[in-house]
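Letters A, B, ... mirror the listed sequences (proteins, then strands); counts begin at 1. These figures come from a predicted structure and were not determined experimentally.
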Number of protein chains: 2
Amino acid sequence: MPGVANIRVLERAVDVMNCLAELGQPSSLSEIVGKISLPKTTVFRILNTLEEHSLVVRCNGQYAIGPAVLFWASAYKGQNVLLEIAKPYLVELWDFTRETVHLISFDGEEAYYIEKLDTPHAVRMHSRIGAHLTLYCTAAGKAILASLSKEELDAYLRKTQLISKTPNTIVDRGNLMAALSKIRQEGFAKDLQENEEGICCVGAAILQNGRPVGAISVSAPAYRFQEEKMLEAGRKVQEIAAKISEALNSLPGM
Amino acid sequence: MPGVANIRVLERAVDVMNCLAELGQPSSLSEIVGKISLPKTTVFRILNTLEEHSLVVRCNGQYAIGPAVLFWASAYKGQNVLLEIAKPYLVELWDFTRETVHLISFDGEEAYYIEKLDTPHAVRMHSRIGAHLTLYCTAAGKAILASLSKEELDAYLRKTQLISKTPNTIVDRGNLMAALSKIRQEGFAKDLQENEEGICCVGAAILQNGRPVGAISVSAPAYRFQEEKMLEAGRKVQEIAAKISEALNSLPGM
DNA sequence: ATTTAAATTCCTCCATGTGGAAAATTATTT
DNA sequence: AAATAATTTTCCACATGGAGGAATTTAAAT
């Protein structure tokens with residue numbers, strides 16, 4: 001992917017949108033420019049263009065994300081039933097654990113966070129809906145890998161190099177295979193600070209016709225997530241993932 | 001607004017995204033190029049850039065809207081409580097009427113469709129979430145205008161010229177004022193093919209601290225929406241709008 | 001195997017996006 | 001209310017980066 005020449009303005013426009021989304025509230029041009037390092041004029045021009053299409057709205061000099069994004073989001077949801085089906089189950093999982101719950105979509109190649117319920121605790125992990133997630137060092141990702149066919153898993157391993165993100169990341173293929181078979185045994189996956197230092201997760205895959213189409217996970221700071229608590233959450237994650245899989249497979253027209 | 005020089009690639013990229021959203025399913029480059037008239041290479045380059053940011057995903061050669069739009073959509077929702085609050089009430093309205101229900105957001109200046117529940121009937125109106133709506137020729141829009149203060153309404157009329165969209169569009173200020181005062185009397189607004197030929201609507205405004213922040217409407221083809229049916233739907237729209245307003249005003253931290 | 005169609009890369013040209021600086025607003029202070 | 005400061009918006013000359021035709025590669029159909 002790097003090497004394909006990309007369009008600069010477009011990348012910048014995406015940055016501007018992301019910046020607005022991160023700010024989470026109407027912000028002035030200066031605030032935006034303060035966050036992304038670009039000339040004011042450039043950002044201004046981009047905002048104007050985006051505004052023309054309701055991707056950005058301006059209320060008394062402040063800029064904010066506009067309603068046009070809803071059109072795209074509803075189109076995405078139309079293609080991804082998982083999101084609609086899973087929502088109530090995620091709430092159930094959240095009620096039980098009171099920790100950050102993620103829903104992950106997997107299209108056979110890549111996995112993405114597509115929904116998130118935040119923990120009420122002050123200390124929480126930072127994650128972003130829509131972001132890509134690494135399969136080999138996350139609970140949800142490993143749960144997905146564990147339910148792939150041998151051929152698919154081989155194909156994945158062939159094209160992926162295991163890069164260490166924390167001291168705990170599994171970078172050895174043999175160790176990863178061992179971890180995956182343990183996941184198949186236990187019924188859910190664990191991430192012991194393998195993706196982000198200080199964060200532990202449990203996750204389980206969602207299956208449709210025997211193939212993984214997504215996963216759910218529960219994440220918490222390591223100090224709130226030890227042995228017993230993790231096991232408890234893991235069992236629940238497994239249970240909820242099974243329920244979602246069932247709901248997905250009993251859909252009209254499946 | 002026209003006159004502000006806009007960035008061409010950006011406009012084109014937006015067109016591509018809209019095109020993908022309209023197609024509603026993974027589509028090939030050729031299909032996309034067939035819909036928007038641009039050189040294949042250009043669209044290809046745009047898609048590649050969008051893909052890099054997960055705004056577009058590619059599954060076996062087909063392109064589709066990607067999960068990154070969810071991030072922006074959730075940011076928008078965070079700024080617009082209305083959407084979350086209103087949803088169950090919209091369903092109630094839909095159950096009652098079985099016609100297309102719209103939720104509109106109004107920021108004091110502009111109004112946008114932010115949610116839509118489609119009628120199950122085959123004949124339905126075409127509308128798009130995120131699209132801008134004209135205030136003086138739609139039921140929801142007129143309901144909003146009818147609940148503005150005299151000053152705000154004056155300001156609106158001063159900067160707006162009433163352009164006829166169908167033979168029925170109200171283009172005379174006096175007639176519009178009369179229509180608005182009738183709306184205040186009746187409690188809900190009607191649109192008798194004023195915005196789109198063949199489509200009638202009823203609508204009512206949603207108020208927060210006495211000021212309109214949105215509206216709801218029910219739309220149907222004229223032949224399915226005559227006198228009595230419209231009155232019935234109108235009363236229901238009024239009732240539901242009142243409920244949403246109440247829910248909105250009894251929010252924690254209001 | 002051969003043909004057809006679609007996707008991707010290459011490459012040159014010049015339109016288009018860039019960003020510094022000035023002008024116009026708007027907010028803040030005296 | 002006047003003056004100052006900060007911010008937003010317009011202007012414009014330059015050169016970069018995006019455009020798109022043509023060629024190449026890849027995939028599908030016969």
Fill in the blank from the handout: Residues passing the side chain to side chain donor-acceptor pair (under 3.5 Å) test with B/Ser127, sequence neighbours excluded, are B/His102, B/Lys116

Practice task
Not counting sequence neighbours, which residues clear side chain to side chain contact (heavy atoms under 4.5 Å, CB included) with A/Ala179? List them please.
Solution key: A/Ile170

Handout entry: Contacts of type side chain to side chain donor-acceptor pair (under 3.5 Å), residue B/Arg12, not counting sequence neighbours
Key = none

Handout entry: Near-strand residues of residues 9-19 of chain A, defined as heavy-atom separation under 4.0 angstrom from DNA chain C
Key = A/Val9, A/Arg12

Exercise for the section: Note the angle between the end axes of the helix from C/dA1-D/dT30 to C/dT30-D/dA1, five pairs defining each, rounded to 10 degrees. Expected result: 60°

Exercise for the section: Output every pair passing salt bridge (charged side-chain N to carboxylate O under 4.0 Å, His left out) with a member in residues 13-22 of chain B, not counting sequence neighbours, ordered by first then second residue. Expected result: B/Glu22-B/Arg128

N/O-N/O pairs, protein side and nucleotides 24-30 of chain D side, under 3.5 Å:
none

Handout entry: All salt bridge (Lys or Arg N to Asp or Glu O under 4.0 Å) counterparts of B/Lys87, not counting sequence neighbours
Key = B/Glu115

Problem - Nearest-angstrom distance from the residue atom CD1 of B/Ile7 to C1' of D/dA19 - result: 16 Å

Exercise for the section: Take B/Arg8 and A/Tyr63, find for each the nucleotide of DNA chain D with the closest heavy atom, and name the residue whose nucleotide sits nearer the 5' end. Expected result: A/Tyr63

Completion exercise
With sequence neighbours left out, the residues meeting salt bridge (Lys or Arg N to Asp or Glu O under 4.0 Å) with A/Lys35 are none

Exercise for the section: Check salt bridge (Lys or Arg N to Asp or Glu O under 4.0 Å) between A/Glu196 and all other residues, then give those that pass, not counting sequence neighbours. Expected result: none

Completion exercise
Whole-Å distance, A/Leu47 CG to D/dT8 P, equals 10 Å

Handout entry: B/Asp154 and B/Arg158 ion-paired at < 4.0 Å
Key = no

Practice task
Mind running a 4.0 Å heavy-atom check of residues 22-40 of chain B against DNA chain D and sending the residues that fall below it, in number order?
Solution key: B/Pro39

Practice task
Would you check, one step at a time, whether the test side chain to side chain contact (heavy atoms under 4.5 Å, CB included) holds for A/Ile206 with A/Leu82?
Solution key: CA-CA 9 Å; A/Ile206 296 165; A/Leu82 181 56; 4.0 Å; yes

Practice task
Apply side chain to side chain contact (heavy atoms under 4.5 Å, CB included) to A/Asp107 and list each qualifying residue two or more places apart in sequence or on a separate chain.
Solution key: A/Glu109, A/Glu110, A/Tyr112

Handout entry: Test item: side-chain donor near acceptor, A/Asn195 and A/Thr138, under 3.5 Å
Key = no

